[in-house]
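Quick notes on the structure that follows.
Each chain gets a letter, A, B and so on, in the order its sequence line appears, and its residues count up from 1.
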Amino acid sequence: MLQKKIIESCLLLVLSMASGAAIAATPGASMLANTCAGCHGTNGVSSGPAAPTIAGFSNDYFIGVMQQFKNAEIPSTIMTRIAKGYTDEEIKLMAKHFSEMEFKRKPQQFDAKKAAFGKRLHNKYCEKCHENGGRKSEDDAGILAGQWAPYLNNAMNDYTSGDREMHKKMKKKVDALQKDHGDAGLDALINFYASQK
Amino acid sequence: MSKLNRRKFLSLTGGALATTLLGFPMLSMASKKRVVIVGGGIGGATAAKYLRMMDSSINVTLIEPNSNYFTCFMSNEVLGGGRNLDSLKFNYAGLKKHGVEVVHDLVTGIDPVAKKVSIKSGKSMPYDACIVSPGVDFIWEAIEGHSAAVAETVPHAWKAGAQTATLKKQIMGMRDGGTLVIVSPPNPFRCPPGPYERASQIAWYLKNNKPKSKIIILDNKPAFSKMGLFTAGWEKYYGYNSANSMIEWVSGDAGGTVASLDAKNMTVATDVADFKADVLNIIPAQKAGKIAFTAGLVNESGWCPVNQRTFESSKHKDIYVIGDSSVASPLPKSGYSANSEAKVCAAAIAASLNGKESPEPSLVNTCYSIIMPDDAISVAMVYRMGPDGKIIKVAGSGGLTPADASEEMRKREVGYAHSWFNNITDDVFG
Ligand SMILES: Cc1cc2nc3c(=O)[nH]c(=O)nc-3n(C[C@H](O)[C@H](O)[C@H](O)COP(=O)(O)OP(=O)(O)OC[C@H]3O[C@@H](n4cnc5c(N)ncnc54)[C@H](O)[C@@H]3O)c2cc1C
């Protein structure tokens, strides 16, 4: 296992060095990832109250979201300024690094009643893509279960205001949710994700 | 993987691999190496933890006189009333869990030839590599009439803890209509936006409790960090630039350079005028921590020149200087910088102790400033090695909170600033 990891990262490193040689050597994955810890926590696990945990995301989701930050395609307070500091190669290295870290869930406050209602809503509107109660990040959908509630709230506000473009099918579901349950529905969902241990 | 295999693998793949190997613990093959760290602040504690995470075969001893560390960051929020001093207090239990040996003592000397650190209680400790992160010391003599003794009653609050408590008490005790004078230090100094965040936080407290009061910032500088964002914030909340502005900033050009202090009469004199204060907060000019001078690590600037790839001192081999004391520019003297430098330095030492080349560095700095409870601004930058062995900014990255950021985004920055505090303190001490 270890050997496999080493060979993989070695190949990645050699590849990235070959492509980036003209500029400068590419730092290793853990060197790059260590720079994020001040805001996202050691190994990408955030202590909150708002900054998201970034451990355990799929490669696809991580690369996608970093590229969108880099191109200022999703609203951000600071990540666009940070993401612009890294090459595509470096983003790939970090994606792999963080995908191998565990998304640890820290306790946060939630309203149990809302969370129970949120669970039903999740199953109806969101589970199809955010599988296993929003815990899974095997494709490109990120992790919702146990993510910090203020962050999810910001993300949902950006989606519903149109500042962050939604996956077409997700938009259909979110529109339906809002039509059926309004802001209370979204609030219940966020309480559900916050309740996940 | 067996040892033999691993060695063969290493020799086959060459030095470049060292970088990736550092991510994995327990790969060191050499006998126990000793790293002694001077100072358990942001730089020193981070280096201790990350050295152990990178190679748990290394013996790491951290020497720090205090059993608690109070962060400077967020101490301005204590002055503004947004948090209490206890929330800034951290201890060394977390580092011990990582296998760091913590010794509460003061380092009195470092012998670069015998490779030994001596401590106040008389012992001396051998090292293979020594990391020095003693923070800053003050240049009292820059202002006539100032001294460490005077600072007991005219607090700097530029090292947190008792000093923060003193300043807070004085602000709480000030009459409505009083004048608070902040003397901002000359460049370079720890936390460039700090004095102006402090003025914002105190203004918030005064606005809500003693609205007739005034803050005067005396500066020797013509401009300051995040100036446009700060002054716009002051206009919005504190009447800046209006007839009854709560904050007044006097630049060096306008006579803000303080030459002397009359502590008894709570008066500071600049070349242009005398300023009498009800509360006086002098942030003195700064230099590297005292031990850096004792150990011969400073140059004529009063700071410690280093190889910016490894943070090894340019003065003495096998001694490394990180944090505020080092010359790490273009990185500013900040906690985020100290944390980032510590990891680069730890990786370089772990590599060197394993006979490998130092890995390619990557660094970040960020500094949040909270102007009032719903409004924060930030500055950020990503750094890498330049072609001539000096750290450079990555072109296109970083910069300030955009001037046109919405109220909603500025409010989000408050939550993210508090998250940054929780995460960096956990990354350093947890
Ligand atoms: C008001 C204020 C606000 C700030 N806000 C921010 C912010 O928002 N963001 C940010 O990134 N930074 C901020 N900073 C800056 C940050 O606090 C410093 O840059 C950071 O602490 C530097 O780390 P250091 O390791 O160099 O020094 P320190 O953290 O000061 O640690 C030095 C340690 O060394 C010990 N020591 C000294 N001499 C010896 C000796 N001889 N033997 C043994 N131990 C010794 C000291 O006891 C101390 O614990 C702020 C600073 C201030 C004053």
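- At a 4.5 Å heavy-atom cutoff, the contact between A380(B) and chain A is made by backbone and side-chain atoms alike.
- Contact tally against chain A (heavy-atom pairs below 4.5 Å) for T401(B), D426(B), N339(B): the top residue is T401(B).
- A distance of 9.0 Å separates OG1 in T53(A) from CZ in R105(A), rounded to the nearest 0.5 Å.
- Considering only heavy-atom pairs separated by less than 4.5 Å from chain A, the leading option among T46(B), N423(B), I424(B), N365(B) is N423(B).
- Electrostatic pairing of R384(B) and E90(A) counts as a salt bridge here, judged by a charged N lying under 4.0 Å from a carboxylate O.
- When the candidates C36(A), A33(A), C39(A), G41(A) are compared by the number of heavy-atom contacts under 4.5 Å with chain B, C39(A) comes out ahead.
- Atoms CD and OG1, on Q68(A) and T80(A) in that order, are 10.0 Å from each other to the nearest 0.5 Å.
- Ring-centre distance between F117(A) and H181(A): below the 6.0 Å cut-off.
- With a 4.5 angstrom heavy-atom cutoff, K49(B) touches chain A only via side-chain atoms.
- In this structure, chain A has no heavy atom under 4.5 Å from any part of F421(B).
- Here OH of Y61(A) is found 11.0 Å from CD1 of I54(A). Values are rounded to the nearest 0.5 Å.
- Ring centers of F98(A) and H40(A): at least 6.0 Å apart, outside the cut-off.
- The candidate from A417(B), A405(B), P361(B) with the greatest count of non-hydrogen atom pairs under 4.5 Å with chain A is P361(B).
- Heavy-atom distances place the backbone of V379(B), and not its side chain, under 4.5 Å from chain A.
- In this structure, M54(B) CE and S56(B) OG are separated by 12.5 Å, a value rounded to the nearest 0.5 Å.
- With a 4.5 angstrom heavy-atom cutoff, S406(B) does not touch chain A via any of its atoms.
- Each of D427(B), V428(B), V344(B), I349(B) was evaluated against Y50(B); a single residue qualifies, D427(B), per the side chain to side chain contact (heavy atoms under 4.5 Å, CB included) test.
- Residue with the most contacts toward chain B among L32(A), N154(A), T77(A), N157(A): N154(A) (heavy-atom pairs, distance under 4.5 Å).
- The side-chain tip of K119(A) does not point at the ring of F192(A) from less than 6.0 angstrom away and within 45° of straight on.
- Residue contact with chain A, scored on non-hydrogen atoms closer than 4.5 Å, involves the side chain of V394(B) exclusively.
- Interface remark: P150(A) contributes no atoms to any contact with chain B (heavy atom separation under 4.5 Å).
- Contact annotation for I78(A): only side-chain heavy atoms (C-beta onward) come within less than 4.5 Å of a heavy atom of chain B.
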